[in-house]
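Every chain is numbered from 1 and lettered A, B, ... according to where its sequence line falls, protein lines coming before strand lines. The analysis underlying the following values was restricted to heavy atoms, covering all of them including side chains, and did not include hydrogens, waters or symmetry mates.
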Protein chains: 2
Amino acid sequence: MKMSNGVEWALHCCVSLSQATSPVPVARFAELHGVPTAYLAKQLQALSRAGIVRSVPGPSGGYRLTRAPSEITVLEVVEAVDGREPPFRCTEIRRRGPLALSPESCAKPCAVARAMASADAAWRGALADVTVADLGRSIDTDSSGTAMRELRGWLSGAG
Amino acid sequence: MKMSNGVEWALHCCVSLSQATSPVPVARFAELHGVPTAYLAKQLQALSRAGIVRSVPGPSGGYRLTRAPSEITVLEVVEAVDGREPPFRCTEIRRRGPLALSPESCAKPCAVARAMASADAAWRGALADVTVADLGRSIDTDSSGTAMRELRGWLSGAG
DNA sequence: GCCCTGTTACTCGGATAGTCACTGTCCGAGTAAGGGTGG
DNA sequence: CCACCCTTACTCGGACAGTGACTATCCGAGTAACAGGGC
């Protein structure tokens with residue numbers, strides 16, 4: 001079970017975007033984070049489809065957030081990039097073999113699927129409790145309050 | 001992010017094993033669940049390496065549980081089959097690019113990694129709260145108390 | 001009848017190909033900025 | 001000097017190859033059961 005690395009990139013891009021005052025193009029993010037430009041664009045497109053960011057075409061265009069950073073949860077970003085389907089998918093093996101259950105006996109998900117779904121809900125709940133604004137504050141605290149200021153300066157400067 | 005289907009098979013096998021009184025070979029499980037024998041064997045081998053089941057070679061051999069079903073958590077089975085590494089792996093992009101942090105500033109995991117680790121801990125905690133015995137009871141309840149009895153009968157019979 | 005021995009066949013275990021999703025990349029459509037021209 | 005228009009170049013967006021992990025499979029090593037022979 002491996003999560004796409006694009007999730008990490010997308011989250012850092014959202015934090016960076018929360019400090020930007022004008023649209024930021026993909027190339028700028030790629031330079032800032034040291035990742036491939038074209039592949040990073042794929043992740044930003046996913047965020048755009050999910051309505052988390054909005055694309056501005058043409059010169060001086062790029063991406064901007066559609067909402068306040070405090071209104072964007074980590075879960076939304078993860079689901080936008082990695083998909084909304086849960087990692088575990090029940091294949092209904094209880095309906096197969098010599099002890100197969102009748103279809104009408106399978107109205108409820110089986111016990112295994114319920115346990116996995118419960119854990120998945122706990123995972124999503126934890127991710128939904130953290131917002132992009134929270135991430136920015138945590139990063140700022142780790143750097144003694146310099147990270148967000150340096151980020152704003154770099155985004156405003158020529159690069 | 002896709003979890004191996006072997007996890008589902010392994011969990012159902014553990015529940016079945018909890019009702020067996022003698023070692024059960026892989027072929028029997030494959031017939032019961034309607035899955036490929038050779039690939040299912042791979043999952044049972046993983047359980048064996050993790051110490052959840054014990055293999056008995058030779059005629060009338062197979063697999064048996066090493067502990068009581070109430071002492072085997074779903075988390076153990078998931079980790080045995082799917083691996084213990086968390087789905088999210090931080091690539092430390094904060095150390096790269098024009099605003100790269102110094103190595104000594106990265107003693108703690110970054111905020112993004114902490115948020116993902118917290119969610120992962122919640123996921124594992126939920127899985128650790130359910131045991132194989134719990135799964136068996138739930139399946140029995142869903143079938144009005146006939147599933148485990150039929151399972152014991154089939155495992156004892158010639159198949 | 002009981003014990004020993006050799007055969008037998010059944011078990012697991014790791015090493016070996018095939019397929020799907022993630023990774024990485026490219027070029028085309030669309031658009032706003034900027035400069036030039038005319039009024 | 002101002003407004004309009006054209007060129008320009010910069011943006012995103014979806015479509016196209018490469019790689020690693022999951023899927024599926026096979027054959028060999030080891031061992032307990034079983035049958036046969038000897039005591």
Side-chain angles (χ1 to χ4, degrees), chain A residues 1-10 13 17 20 22-31 33-64 66 78 80-89 91 93 158-159, chain B residues 1-10 13 17 20 22-31 33-64 66 78 80-83 85 87-89 91 93 158-159:
Chain A
M1 186 167 56
K2 186 178 183 300
M3 172 178 291
S4 170
N5 287 336
V7 171
E8 181 184 10
W9 302 355
C13 284
L17 262 185
S22 58
V24 180
V26 175
R28 187 61 63 95
F29 282 129
E31 181 189 2
H33 295 136
V35 298
T37 304
Y39 190 35
L40 180 60
K42 206 176 184 58
Q43 320 306 332
L44 272 298
Q45 287 169 24
L47 293 181
S48 179
R49 275 193 293 269
I52 296 172
V53 302
R54 183 88 174 180
S55 65
V56 179
S60 73
Y63 286 100
R64 63 179 179 80
T66 59
V78 170
V81 174
D82 203 63
R84 287 169 300 174
E85 288 190 3
F88 179 87
R89 189 179 161 311
T91 60
I93 66 179
Chain B
M1 186 166 59
K2 186 179 183 299
M3 171 178 290
S4 170
N5 286 335
V7 170
E8 181 184 10
W9 302 355
C13 284
L17 262 185
S22 59
V24 180
V26 176
R28 186 62 64 97
F29 282 128
E31 181 189 2
H33 295 136
V35 298
T37 304
Y39 188 36
L40 180 61
K42 203 175 185 61
Q43 320 306 332
L44 272 297
Q45 287 169 25
L47 294 180
S48 179
R49 275 192 294 269
I52 297 172
V53 302
R54 184 88 174 180
S55 65
V56 179
S60 74
Y63 287 100
R64 62 179 180 81
T66 59
V78 170
V81 174
D82 202 62
E85 288 191 2
F88 179 87
R89 201 155 10 113
T91 60
I93 66 179

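Under the rule for a side-chain hydrogen bond (donor to acceptor under 3.5 Å, both in side chains), the partners of B/E8 that lie at least two apart in sequence or sit in another chain are A/T91.
Between B/S55 and C/dG13 there is a side-chain N or O to OP1 or OP2 distance below 4.0 Å. The side chain of B/Q45 contributes no N or O atom lying less than 4.0 Å from OP1 or OP2 of C/dC12. Contact check, B/S48 against C/dC12: no side-chain N or O comes under 4.0 Å of OP1 or OP2.
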Derivation of the side chain to side chain contact (heavy atoms under 4.5 Å, CB included) call for A/R89 and B/K2: CA-CA 8 Å; A/R89 189 179 161 311; B/K2 186 179 183 299; over 6 Å; no
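Counting only heavy atoms from C-beta outward, the side chains of A/L47 and A/L44 approach each other to under 4.5 Å. Taking 4.5 Å as the limit, some side-chain heavy atom of B/L40 sits within range of a side-chain heavy atom of B/C13.
Taking CG from B/D82 and CE from B/M3, the interatomic distance works out to 5.0 Å, rounded to the nearest 0.5 Å.
Mapping B/G61 and B/R49 onto DNA chain C via the closest heavy atom, the residue that lands nearer the 5' end is B/G61.
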Nucleic acid footprint by protein, nucleotides 19-34 of chain D - heavy-atom cut-off 4.0 Å, B for base, S for sugar-phosphate alone: ---SBBB----BBBS-
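Sequence neighbours left out, the pairs with a member in residues 33-57 of chain B that pass ring-ring contact (aromatic ring centres under 6.0 Å, His included) are B/W9-B/Y39, B/H12-B/H33.
Separating the CZ atom of A/R54 from the P atom of C/dA32 is a distance of 12 Å, rounded to the nearest angstrom.
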